[in-house]
Amino acid sequence: MSLLKKYTLDGRKDPEIRDLPTDSKKDEVAREKIDELTLKNQKRIIDLQDRLYADGREGLIIVLQAMDAAGKDSTVRHVLGGINPQGVDVYSFKQPSSEELSHDFLWRANTHLPKRGKIAVFNRSYYEDVLVVQVHQLQKGYALPERIARMSPEKFFKQRYRQIRNYEEYLYENGYRLVKVFLNVSKEKQKERFLERIDLPEKNWKFSSSDLKEREHWDEYQRIYQEVISATATEENPWYVIPADHKWYARYLISEAIARTMKDMDPQYPTLPKSEAARLQECKEILLAEDD
Ligand code: ATP
Ligand code: MG
């Protein structure tokens, strides 16, 4: 059985997130071997990305969700580091601007969808609209018509889960593939990484006191992540709940999820129509006949 399988949630017999490990210990893997496999996957991804771009028929969206300090930035930098920058766009979903808030919640995701042939990394995503928004009940401050504003929060968010599921189905049916990753970090590891960010001057910029505020809501976030992931994990658009305490292991599992999805997309270099191919041969002959 592949190591990734147990972390793949596709809406069938999914485990609870709290029953999945946050580190590599249980899988009894050797770091050296795993690092080798990650390297292989990085090479596969480079090759597949080149084909995807040339093929230009399908787009890939990588959704990264996690608690703070789970390693969203560094894992993606590592896994996708070697690929042609022309083929990838990274977009970080921060607090929405007033322009963004004056549209429906999927609007900003839509404006950042990749073109066919490209990869978009969503560092956080429209999932924040059912996560942070739900934890802090931010929807209560939004300008919404009465028929929506008077709904119970439960109903409001259940409705959004359905909308997200439908949106992702729509994307799939319109030539996109999604790799949805939840970096599952433990509360202890988060503390360790926060302390490091405070202690090391070169990491200070990564820490903000508001990160501690969110940590106070840890249990609430875990509960809601569970709910959101089970409501939106499907066969076509599965979730990968990746143990994130050991970054080298998270990198491997993410690289595996991306490489597999891209292989499944099966991008092909376009073949030239016969007339064009003949024209290439003519060009070749002209070049070879040149006197230097
Ligand atoms: P880092 O790991 O570097 O801290 P980050 O993704 O946490 O990266 P920040 O700039 O610290 O980036 O935080 C962005 C913040 O924006 C997060 O707290 C996130 O919850 C918030 N955010 C994103 N989307 C929304 C949204 N739709 N509504 C409200 N807040 C949002
Ligand atoms: Mg942050």
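One-based numbering, in listed order, for ligands and for the atoms of each. These numbers come from a predicted model, not from an experiment.
- Here the side chains of Pro153 and Gln134 are not in contact, with every heavy-atom distance at 4.5 Å or above.
- Asn237 and Tyr176 share no donor-acceptor pair across their side chains, judged by distance under 3.5 Å alone.
- Between Arg279 and Glu276 there is no salt bridge, since none of the side-chain N atoms of the basic residue sits less than 4.0 Å from a carboxylate O of the acidic one.
- Less than 4.0 angstrom separates some heavy atom of Phe93 from each of these atoms of ligand 1: 23 (C), 24 (N).
- Closer than 4.0 Å to atom 11 (O) of ligand 1 lies none of the heavy atoms of the protein.
- Annotation: side chain of Tyr7 is in contact with side chain of Leu253 (closest heavy-atom distance under 4.5 Å).
- Taking every heavy atom of Glu128 and a limit of under 4.0 angstrom, the matching atoms of ligand 1 come to 19 (C), 20 (O), 23 (C), 24 (N), 25 (C).
- Looking at heavy atoms from C-beta onward, Gln65 lies out of side-chain contact with Phe122 at the 4.5 angstrom threshold.
- Note: no N/O pair closer than 3.5 Å links Arg197 and ligand 1 by distance alone.
- Of all atoms in ligand 1, numbered sequentially from 1 with element shown, those under 4.0 Å from a heavy atom of Leu138 are 29 (C).
- Close approach of ligand 1 to Val133 is summarised as follows: ligand atoms under 4.0 Å from at least one heavy atom of the residue are 28 (N).
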*Could you walk me through whether Thr38 and Trp248 pass the side-chain contact (heavy atoms from CB on, under 4.5 Å) test, one step at a time?*
CA-CA 8 Å; Thr38 309; Trp248 54 271; over 6 Å; no
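- Of the protein's non-hydrogen atoms, the one nearest atom 16 (O) of ligand 1 is Gln95 N, 3.2 Å.
- Scanning the protein for heavy atoms near atom 13 (O) of ligand 1, the closest one is Arg124 NE, 4.3 Å.
- Residue contact check: Pro96 has heavy atoms under 4.0 Å from atoms 25 (C), 26 (C), 27 (N), 28 (N), 29 (C), 30 (N), 31 (C) of ligand 1.
- Taken to the nearest 0.5 Å, the CD1 atom of Ile61 stands 11.5 Å off from the CG atom of Asp89.
- Within the 4.0 Å heavy-atom shell around ligand 1 one finds Arg108.
- Taking every non-hydrogen atom of Asp73 and a distance limit under 4.0 Å, the qualifying atoms of ligand 1 come out as 3 (O).
- Ranking protein heavy atoms by distance to atom 30 (N) of ligand 1, first place goes to Val132 CG1, 3.5 Å.
- Tested against Glu58 for a side-chain contact (heavy atoms from CB on, under 4.5 Å), the candidates Met262, Lys118, Arg177 yield a single pass: Arg177.
- Contacts of Lys94 with ligand 1, taken as heavy-atom pairs under 4.0 Å, involve both backbone and side chain.
- Each of Asn41, Leu80, Val76, Leu48 was evaluated against Ile258; a single residue qualifies, Leu80, per the side-chain contact (heavy atoms from CB on, under 4.5 Å) test.
- Arg223 and Glu227 are joined by a salt bridge, as a carboxylate oxygen and a charged side-chain nitrogen come within less than 4.0 angstrom of each other.
- Of the protein's heavy atoms, Lys72 NZ, 4.0 Å lies nearest to atom 2 (O) of ligand 1.
- Salt bridge present: Arg124 and Asp68 bring a charged side-chain N and a carboxylate O closer than 4.0 Å.
- Residue Glu214 does not touch ligand 1, judged by heavy-atom distances below 4.0 Å.
- Near Asp129, the atoms of ligand 1 lying under 4.0 angstrom from a non-hydrogen atom of the residue are 27 (N).
- Nearest N/O/S atom of Asp68 with respect to the Mg ion (ligand 2) is recorded as OD1.
- Leu183 contributes atom CG, which lies 4.5 Å from atom CD1 of Ile254 (distance to the nearest 0.5 angstrom).
- Taking 2.8 Å as the threshold, Asp211 does not count as a candidate ligand of the Mg ion (ligand 2), since none of its N, O or S atoms lies below it.
- Atoms of ligand 1 lying under 4.0 Å from at least one heavy atom of Asp68, given by number and element, are 4 (O), 7 (O).
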